[in-house]
Each structure stands twice: as structure tokens, then as C-alpha cells.
Amino acid sequence: MIFTEETTLDHLCINYVGNQTHQEALVTSDTEVFLEDEMKPLLKEYFLKNFKPEIFFEFFHSSNIENNEVFTYVSEIFEQPELLENQSKKLAKLLYENSTSPRTKGGEFYVCYFKDCIVKGERYDAVGLFKSENKDTFLKVSAKNENFELETLQGINLNKVDKGCLVFNTNKEQGYLISIIDGTSRAETSYWMDDFLQVRQRQDEYFETQETLTLYKEYITKQLPQEFEISKADQADLLNKSLTFFKEKEEFKMEDFTGEVLTDQEVIQSFNTFKTQYEDERDYVLSDEFVINDAAVKKNARIFKSVIKLDKNFHIYVHGDRRKIQQGQDENGRYYILYFEEEN
């Protein structure tokens, strides 16, 4: 979890980063923004309130982490926060160099230094990188000569930030602990996460839970029917059993999982082979034992809907006991028999 009640915004620089393709400018600031006391809590709320506390990322580079420029500039900010404006200009220039896609919108780029953020029970300083790309129209009502006048103003909606990156001053050797906000589509934002920040999801309990569930679903729905004769009802049953396992257990152990859910030795061997191929294609290895993350289970439960689609006429949602659904065929065609106790 991320707690910011005691967090203070100590330094802030603002730059404008346009889109090179659209011949928009890069405008950098030589000084920090002076913040009035009443402005600080508003900006802190604007920058920090929408971060998700479950998923964390880290900087990386294919050759050496030191070659990740954002990692280097952020490290220098942690060493000398009072010189924020120097690194702010370097970061703005780097973002500008990566703002070449026709879809990329220009906007204000903020570099912030926060003190006393609490994440995972520990207190850290943090560097925040934010970009506001969308402007809202606001209505201003003014009293004049016993009448009222209306005018429209363009400004930033303080309810949401378009793009945000919060880097906590911990785990530097592994690329820091990072939380990300991105309110736009993946197609529009690859320049932010992949080209500019160069971040990847950390292989923590959330990642292990999420990826193991995804791996298993891929196997049951795509690979298993290719190797074994299996009905849609049995596939649905395996998906339900796996989700029940993750909901009821505190710790995942691959041997227990395959033994309790897959049970058949040939299927288990097939699954292990598929797991190796899956990991090779994605260039990471999933742990055979890890603490199950409840938030990841809850989020991924949505993709584990066990639905049998029958032509365009019916959908059967299978939630539990496999013995209460049977399949057959007669002169009228294929059919399912469903047994139940109550009808609502």
C-alpha cells in the first residue's frame, strides 16, 4: 500500500514538452516553481491520489541499468534534491526526443521531489515525473454591475493526472521501486513507459500470481484441447478448480497445484512443457513457490469466467460442481443436461 498523508512536496519544476513531429517546442525552466502554502496540498493530491498500490515496476536496460537515462537522472536527484532543475531539463529533453509518434500529445511535464512517502510499510523519499496532456473547459462566473458575466477557461482537471511515475528511493540496484499511472491507451503511451521510462513490472508476489494464472488459463483454453480430448465443461471445471485453489491458499506451490487441480500425470507433464515454452517466449522464469497476492487473484478472476457458448442461442456459465452438468447427443442434435435445486 502507498500512504501519502504525511508526504510533503518539497521541490517542483515545470517544463513544456511538445511533439517533434508536429513541430511543437520544448520549453524548459531554469528555476523551481515557488509554491504557496495553500497550493502544496492541492498539488500533492493531484499528483499522488490515483496511484495503484498493487502493481510495481522497475527501471531496466538490456545491457546495463546505468544505461537507462531516466534511472541515472533520478539517482542524481536523490543525491542532490536541491539541484532538481538541472535534472529536470535533462529529463524534459529526453522525453522530447521520444515524443515523435503522431499520436503523442504535447503537455506540461512536472518533475517533483516528495519527502516521507510510506510504501509497503516503509518510509521513503520519492521522485515524481508527471505529464498533463488533456485540458478541460471550465466556466467562470463573475459579478459585474449587479449582473453576472460568463467566460470559459482552459485548464487542468485536478481530479486526474494523465501520466505519472513515482520512483521510491529504495532497491536502487534492482532499478528502484516504481508506481505508474497511465490514463491513456497502450497504443498512445508506449513512448512513455517503453521508450522514455524503460520500465518493466517487478517480479514480486503480484506478478507471480498474475502471470501464473495467465499461464494456466492459456494452457487450459488453448494447449490442452490440442493434446487431449476434453469437453468445454471439463475445461470450465479446471478453470474453476484453479481459481478456487488461489482463493483458498495463502501460498502457491506448483507441486500441490498440479496435484490437486490437474491430477493426471500426462496432463501435468504436458503443462510443465508448456510452462517452459511460455517462459522462454517471455524471457522470465516463474517461481514454483510464492505467496499468493489476493489483489492479483481478484483482478484476474474476471478473465476466468467459465462460459460455454452454444451457437448464438445460449451461454452456460459454469461456477461449481462439474457433476451437475452432463453432455450428450440424440437425433435432435447435441445437448447439455443441467441439474439444480433452486431457480431464481
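Since this is a predicted model, take the numbers as computed values, not measurements.
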Is it the case that [X] and [Y] place a side-chain donor and acceptor less than 3.5 Å from each other?
{"X": "Asn134", "Y": "Asp162", "answer": "yes"}
{"X": "Ser270", "Y": "Tyr219", "answer": "yes"}
{"X": "Glu108", "Y": "Ser132", "answer": "yes"}

Side-chain ([X]) to main-chain ([Y]) donor-acceptor, under 3.5 angstrom:
{"X": "Asn171", "Y": "Gln174", "value": "no"}
{"X": "Gln23", "Y": "Thr21", "value": "yes"}
{"X": "Tyr191", "Y": "Arg103", "value": "no"}
{"X": "Asn68", "Y": "Gln198", "value": "yes"}
{"X": "Thr7", "Y": "Asp116", "value": "yes"}

Hey, what's the ring geometry for Phe257 with Phe271, parallel, tilted or perpendicular (30° and 60° as the breaks)?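 Tilted: the ring planes of Phe257 and Phe271 meet at 30° to 60°.
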Which class fits the ring pair Phe290 and Phe252: parallel under 30°, tilted 30 to 60°, perpendicular over 60°?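 Ring orientation of Phe290 relative to Phe252: parallel.
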I'd like to know if [X] pairs up with [Y] as an ion pair, taking the criterion as any Lys NZ or Arg NE/NH1/NH2 lying under 4.0 Å from an Asp or Glu carboxylate oxygen.
{"X": "Glu6", "Y": "Arg123", "value": "yes"}
{"X": "Glu260", "Y": "Lys249", "value": "yes"}
{"X": "Lys105", "Y": "Glu24", "value": "no"}
{"X": "Lys160", "Y": "Asp136", "value": "no"}
{"X": "Asp294", "Y": "Lys298", "value": "no"}

Any heavy-atom pair between the side chains of [Y] and [X] that's under 4.5 Å?
{"X": "Asp288", "Y": "Lys275", "answer": "yes"}
{"X": "Leu197", "Y": "Leu129", "answer": "yes"}
{"X": "Asn15", "Y": "Tyr96", "answer": "no"}
{"X": "Trp192", "Y": "Asn98", "answer": "no"}
{"X": "Val70", "Y": "Val167", "answer": "no"}

For residues 158-178, pull every pair meeting ring pair (Phe, Tyr, Trp, His ring centres under 6.0 Å), keeping only residues two or more places apart or in separate chains.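 Residue pairs passing ring pair (Phe, Tyr, Trp, His ring centres under 6.0 Å), neighbours aside: Phe71-Tyr176, Phe78-Tyr176.
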Salt bridge (charged side-chain N to carboxylate O under 4.0 Å, His left out) with Glu97: which residues, sequence neighbours excluded?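 Here the qualifying residues are Lys93.
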How does the hydrophobic cluster around Leu150 look, that is, which other residues are in it when side-chain heavy atoms under 4.5 Å mark a link?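 Members other than Leu150 - counting any ILVMFWY side chain reachable under 4.5 Å - are Leu139, Val141, Phe148.
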Between Phe207 and Tyr284, does the ring centre distance come in under 6.0 Å?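 Yes; Tyr284 has its ring centre under 6.0 Å from that of Phe207.
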